[in-house]
Amino acid sequence: MSLRTDAVNHVSHGNIISPDIKGAKITGVFGESVFTLKTAREYLSDEAYKSLLASVRGGKKIERAVASQIASGMRAWAEGKGVTHYTHWFQPLTGTTAEKHDSFFTLKGDGTAIEEFEGAALIQQEPDASSFPNGGLRATFEARGYSAWDPSSPPFIIEIGNGKTLCIPTIFIAYTGESLDYKAPLMKAVESLNKAAVTVCNYFDKNVAKVTPTLGWEQEYFVIDEALVNARPDLVQCGRTVFGFTPAKGQQLEDHYFGSIPERVYAFMRDFENESYKLGIPLRTRHNEVAPAQFECAPIFEEVNIAVDHNILLMDVMTRVAKRHRLVVLLHEKPFAGINGSGKHNNWSLATDTGVNLLAPGKTPKTNLMFLTFFVNTIKAVHDYADILRASIASASNDFRLGANEAPPAIISVFIGDYLTKVLGDVESRVNSKFDEQDEAILKIDLHRSIPELLIDNTDRNRTSPFAFTGNKFEFRAVGSTANCALPMTILNTIVADTLNKFASEVDALIEKGDKKEIAIMQVIQKYIVASKKILFEGDGYSEAWHKEAEKRGLPNLKTTPVALDAMVTDKAKQLFKDNGIYTHAELEARHEIELEKYIKKVQIEARVMGDLATNHIIPAAIKYQNELLKNVSLLREAALPEKLYKGQLTLLKDVSTHIQQVYENVHAMVEERKVANNISDTREKAIAYEAKVKAQYFDKIRYHVDKLEQLVDDELWTLPKYRELLFLR
Ligand code: ADP
Ligand code: MG
């Protein structure tokens, strides 16, 4: 029996595993595995608690001695829950998370065994980090990497089987200070945004002392039976199918969307949701997505730093819990051709410490003007730095989605809806007349009352926009489902911080010249609307017309990662990141190098897997069938039957032979191109060669012939589970 038939049989007998969930209420378990401030209050002395609180709320430094007290408190809490080990948990540039487990257990000088967790071990560690990408940074600076405690994200307990580990969220940096992870730059961007936004808020409200970016992500994913996945080496190694004919019942019927969730998947969802609740991840919605076997979950939004950690943690939890259910979660952006891909919409806004959402239209003229200020500054930021924002979501896997005819296009544009388009038009139309007291009437536009309308307006029509205003937040939709949100969030917060800083200088200059504050603000807003108009687009982002129009407007349309990444290292980018204290030039160059290398490796692996599958699965199955046809034809001939009675077999034989030959030739040609690419020493050139010469030239071509064979060859001989099995057997 082949792996395929075995897998298919297994699925049809697959049992539903009931999750082990105690009690019905989420509040009963929510955060039980997290060292929350409430827990800290219980386990720490007053002094230690206050110090921790000051660090979490105001970024105050924690003294070593106090850190030791906090560490003991954490250990006491964790041991009470059966934890034996701890680890610094960080997000290196590989895209996954890293841990190195250490035991609380240690020996004293006299050999007595004790359990301890010291402040020093909480604050800082030196993971053997040589295996993490550093883009040449550590070689250049001869520096080792270390992980440093980030008190703003609470420690949590991860359960794997019966083992429990206390995870301390950390940042990962070189001894010389260069950051080697996704979190350190994000924290810098958050701080930079805070400073800039507070300055601007204070034009309207002196009480605002802190502004925090908020993030609510929406995670899309596929769920496939484990046995079926194991019979597909491409899914195992690349997370996507490199071959596969799209079945007749694809998503044309759109009956999966908001349909009922299959029972086995439902049990899995409840299970991973329960694990997520314990970890304090506030998941709220779950539903079917457009494609068969595709689903989505989304939490209540949180401060961006926490939301990023929670998303990475969730991806990990989902993957682990799926195993219990003999399922595999596919987080890849495009696991199946011809069927919708997966994204991770990043809903983003700004919250003040006075409880105001800066992107929610206000009720009074003053709050309306504040809204308009942040709204227009965000648009201006996206306009000015569209190329960098595009680069922040570039990856080998997202390339299969962006620009294809379904996901947001690779062209960055902003959708704001009819009403706000009109509002901006009204402000803009006063270009030549200076604002006076009378014009303040414009500030009285009742944005608030029109919101319900705005939301309806938004939900349907703007699905094709990569960056859309959705009533009280912007939704960055081009982020890929495998991405660490930290990178796009670092970039978005940085460009908005930069724009707000420039905005404030312009407003101050006008005030100094004698303008009234509100008038000065309106002038600059108006200027920004005019300057960034070309980024606004309300139409169908997938249409050919938009691609032409965007080109006319001069908007970049970079469809592939190797060239999209150029935007990270332009003079403009270097200036931006230096001015805002996010990345040094060396860090930028290093990251650029790392992203290119990641791209090369991904395409390299896919090309290998393709060659491997073609040679070891496809061609052998096709040859078997070819032999059967040959035997059949020659027997028919022997029987002296007229040829017109087996013309069909002859055509089939010809077609099968043609496709076998095409697969064979193209796989060999692709291998040759890979060799050529491998000899290129410049990383960018190499990545471009892998994109243009290996991927673009051969992937689709090979797939075309393989998928043809899949349709021709006897089903019994085909060894790889087919789409109809992968997607519809649950
Ligand atoms: P939908 O996009 O499906 O219409 P919602 O508008 O309710 O649904 O929210 C989508 C996502 O946006 C949710 O994950 C939610 O947490 C997030 N969200 C809502 N408000 C904010 C905000 N102020 N900042 C960041 N994310 C938000
Ligand atoms: Mg949404």
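Order of listing sets the numbers, starting from 1, for every ligand and every atom in it.
- For an aromatic pair to be called close, the ring centres must be under 6.0 Å apart, and Phe222 with Phe336 satisfies this.
- Annotation for ligand 1: atoms under 4.0 Å from non-hydrogen atoms of Thr214 are 22 (C), 23 (N), 24 (N), 25 (C).
- Looking at ligand 1, you won't find any N or O of Leu215 less than 3.5 Å from one of its N or O atoms.
- Residue contacts with ligand 1, taken as heavy atom pairs separated by less than 4.0 Å, involve Asn347 via backbone and side-chain atoms alike.
- Every atom of ligand 1 is numbered from 1 in the order shown, and the set under 4.0 Å from a heavy atom of Asn357 is 23 (N).
- With a 4.5 Å cut-off on side-chain heavy atoms, Val321 and Val317 count as touching.
- Proximity to Lys473 (heavy-atom distance under 4.0 Å) selects the following atoms of ligand 1: 5 (P), 6 (O), 9 (O), 12 (O), 18 (N), 19 (C), 20 (N), 21 (C), 27 (C).
- When each atom of ligand 1 is checked for a heavy atom of Ile300 under 4.0 Å away, the hits are 16 (O).
- A 6.0 Å sphere centred on CZ of Arg284 holds no more than 12 heavy atoms belonging to other residues, nucleotides or ligands.
- In this structure, Trp89 has its ring center under 6.0 Å from that of Phe156.
- With respect to Lys334 and Asp399, no salt bridge is recorded, no charged nitrogen being found less than 4.0 Å from a carboxylate O.
- For Trp348 and Phe476, the distance between ring centers is not under 6.0 angstrom.
- You'll find the side chain of Ile491 stays beyond 4.5 Å of the side chain of Tyr385, heavy atoms only.
- Between Ala298 and ligand 1, no N or O atom pair is found at a separation short of 3.5 Å.
- If you check each of Phe474, Trp348, Phe301 against atom 19 (C) of ligand 1, the one with the closest non-hydrogen atom is Phe301.
- Taking 4.0 Å as the cut-off, Thr470 does not count as a neighbour of ligand 1 on heavy-atom distance.
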